[in-house]
Protein chains: 2
Amino acid sequence: MSELKLTASLEDYLEAVYEIIEEKQGVRASGISQRLGVARSSVTEALKLLAAKGYINYGRYDVISLTDLGEKKAKAISEKHKTLYGFLSKILGVEDKEANLTACKIEHVISDEVNDKLINFIKQYEKERSKKVSK
Amino acid sequence: MSELKLTASLEDYLEAVYEIIEEKQGVRASGISQRLGVARSSVTEALKLLAAKGYINYGRYDVISLTDLGEKKAKAISEKHKTLYGFLSKILGVEDKEANLTACKIEHVISDEVNDKLINFIKQYEKERSKKVSK
DNA sequence: TAATATAGTTAGACTATACTAACTTTATTA
DNA sequence: TAATAAAGTTAGTATAGTCTAACTATATTA
């Protein structure tokens with residue numbers, strides 16, 4: 001089963017699978033390839049690994065779907081991305097594209113706990129901010 | 001000269017060189033090895049690369065020192081680490097050890113610009129915070 | 001339905017990083 | 001100063017990730 005933990009790279013593939021499923025009906029290797037800007041063969045490799053680790057259902061030339069584990073994990077990564085993007089763009093004022101690129105990298109290196117603390121901080125900060133503006 | 005840009009891994013080695021020089025008189029491969037928890041042979045490889053890219057002065061069995069470029073770069077990384085650590089621990093309330101580990105990873109993926117914006121945000125935030133407390 | 005286009009896979013090469021084991025150089029000390 | 005210990009290096013192996021080129025399967029359409 002080749003170790004369950006995911007590398008940053010595999011997390012990117014998993015996230016792409018999740019997001020494309022959200023946007024369209026299903027996922028295809030070519031879509032992942034385009035979204036991530038990598039060769040189709042790299043996608044095949046990544047899908048094999050994700051399947052071996054239990055994150056997706058997948059076999060040669062077959063349909064790709066998320067397992068429960070995969071869905072949970074992908075949601076968690078996607079959440080982190082949103083939190084980070086929001087903080088970077090809305091609070092720090094980082095330009096859109098860079099905020100996105102930066103969030104894409106940080107999302108793989110923060111724990112769930114740090115993400116939760118950041119979410120709470122943002123909520124708190126925006127509450128106080130709105131009070132101040134309206135007074 | 002093998003490309004000037006540094007990977008996250010090489011940035012870690014460079015940072016270690018810089019910090020050890022700050023703390024003691026000089027650096028030795030063994031000290032870097034201990035600090036980063038990697039084999040001595042890995043340090044040798046990394047030092048060769050850092051020298052080839054112009055960040056350190058170094059030759060076989062010789063003393064290690066930072067070039068101007070290396071010093072500048074190391075300081076920049078170290079700065080980012082401090083900013084991130086401060087934000088994570090003081091503002092988000094992340095526990096010491098995790099704040100440090102997380103900062104160690106994020107420091108390689110944020111631009112100077114994002115770092116500057118974060119520094120300004122922290123200053124601003126702490127100013128307002130102190131006003132509120134003292135009123 | 002046969003020809004062709006598209007999608008997907010495999011094989012082989014390459015880069016980066018790190019490891020262990022063996023070897024060399026430098027430093028210490030008996 | 002010769003023997004030994006410590007530090008540093010090299011060689012060879014392994015893993016992860018990516019690529020290109022060639023091949024196979026599936027889908028489209030004339």
Side-chain angles (χ1 to χ4, degrees), chain A residues 1-17 20-21 23-65 73 77 101 104-105 107-109, chain B residues 1-17 20-21 23-65 73 77 101 104-105 107-109:
Chain A
M1 196 152 283
S2 171
E3 266 306 305
L4 292 182
K5 192 117 196 320
L6 294 181
T7 60
S9 166
L10 286 182
E11 285 190 358
D12 278 333
Y13 285 101
L14 182 63
E15 200 182 1
V17 168
I20 295 172
I21 286 177
E23 290 164 21
K24 323 202 167 182
Q25 277 64 2
V27 222
R28 329 218 44 195
S30 58
I32 300 168
S33 157
Q34 281 176 241
R35 173 170 299 228
L36 298 180
V38 296
R40 291 195 312 283
S41 58
S42 306
V43 176
T44 303
E45 292 300 315
L47 293 177
K48 279 187 205 163
L49 288 171
L50 286 174
K53 288 165 194 276
Y55 289 89
I56 63 173
N57 302 117
Y58 162 79
R60 278 172 97 233
Y61 298 104
D62 203 358
V63 163
I64 302 158
S65 65
K73 182 71 180 171
I77 300 165
L101 283 175
C104 268
K105 292 178 197 145
E107 71 194 21
H108 305 297
V109 304
Chain B
M1 197 152 281
S2 168
E3 268 306 306
L4 290 182
K5 190 117 198 319
L6 294 182
T7 59
S9 166
L10 286 182
E11 285 191 0
D12 278 333
Y13 284 102
L14 182 62
E15 200 182 1
V17 168
I20 295 172
I21 287 176
E23 291 165 21
K24 323 201 168 185
Q25 277 63 4
V27 221
R28 328 217 45 195
S30 58
I32 300 168
S33 157
Q34 280 175 244
R35 171 170 301 226
L36 298 180
V38 297
R40 291 195 313 280
S41 58
S42 307
V43 176
T44 303
E45 291 301 314
L47 293 177
K48 278 186 204 163
L49 288 171
L50 287 173
K53 288 164 195 276
Y55 290 89
I56 62 173
N57 303 116
Y58 161 79
R60 277 171 99 232
Y61 299 105
D62 203 359
V63 163
I64 302 158
S65 65
K73 181 71 179 169
I77 301 165
L101 284 175
C104 269
K105 292 177 198 147
E107 71 194 22
H108 306 296
V109 304

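Order of the sequence lines sets the chain letters (A, B, ...), proteins ahead of strands, with each chain counted from 1. Remember, predicted model here, so these are calculated numbers, not experimental data.
- For the pair B:D12 CG and C:dT17 C1', the computed distance is 12 Å after rounding to whole Å.
- For the pair B:E11 CD and C:dA16 C1', the interatomic distance rounds to 15 Å; values are reported in whole Å.
- Of the inter-residue distances, the one linking B:K53 atom NZ with B:K73 atom NZ reads 11.5 Å to the nearest 0.5 angstrom.
- Annotation: the span from B:L47 atom CG to B:R60 atom CZ amounts to 14.0 Å, rounded to 0.5 Å.
- Listed nucleotides: C:dC19, C:dT9, D:dT20. Nearest to the side chain of B:V38: C:dC19.
- Distances from the side chain of B:Y13 to the nucleotides C:dA18, C:dT10, C:dT26 place C:dA18 closest.
- The residue among A:E45 and A:Y61 whose nearest nucleotide of DNA chain D lies closer to the 5′ end is A:E45.
- Within 4.0 Å of B:G37, counting heavy atoms only, lie sugar-phosphate atoms of the nucleic acid but no base atom.
- Residues B:R28 and B:R40 each lie close to DNA chain C; by heavy-atom proximity, the contact nearer the 5' end of the strand is made by B:R40.
- Toward the 5′ end of DNA chain D lies the nearest nucleotide of A:A8, the other residue of the pair A:A8 and A:R60 mapping further downstream.
- Within the nucleic acid shown, A:S30 comes within 4.0 Å of sugar-phosphate atoms alone, with no base atom in reach, counting heavy atoms only.
- Whole-Å rounding puts the B:L6 CG to C:dT15 C1' distance at 16 Å.
- Note: CG (A:L10) to P (D:dT15) measures 16 Å, nearest angstrom.
- Side-chain N/O atoms of B:S42 include none lying less than 4.0 angstrom from OP1 or OP2 on C:dA18.
- Atom CG of B:D62 is separated from atom C1' of C:dT25 by 13 Å (rounded to the nearest Å).
- Out of C:dG8, D:dG17, D:dT20, the shortest distance to the side chain of A:A39 is found at D:dT20.
- We find that CG of A:L47 is positioned 17 Å from P of D:dA16, with the value rounded to whole Å.
- The OH-P distance, from B:Y58 to D:dA7, rounds to 15 Å in whole Å.
- Among the nucleotides C:dA18, C:dA16, C:dT24, the one closest to any side-chain atom of B:T7 is C:dA16.
- Per the geometry, NZ belonging to A:K48 stands 14 Å off P belonging to D:dG17, to the nearest Å.
- The distance from the CD atom of B:E15 to the CD1 atom of B:I32 is 12.0 Å, given to the nearest 0.5 Å.
- Residues B:L49 and B:Y13 are not in side-chain contact: their nearest non-hydrogen atoms beyond the backbone lie 4.5 Å or more apart.
- Side chain of A:S9, nearest nucleotide from D:dT18, C:dT10, C:dA21: D:dT18.
- Screening B:V17, B:N57, B:I20 for a side chain to side chain contact (heavy atoms under 4.5 Å, CB included) with B:I64, the sole residue that qualifies is B:V17.
- Taking every side-chain heavy atom of A:S41 into account, D:dT20 is the closest of C:dG8, C:dA21, D:dT20.
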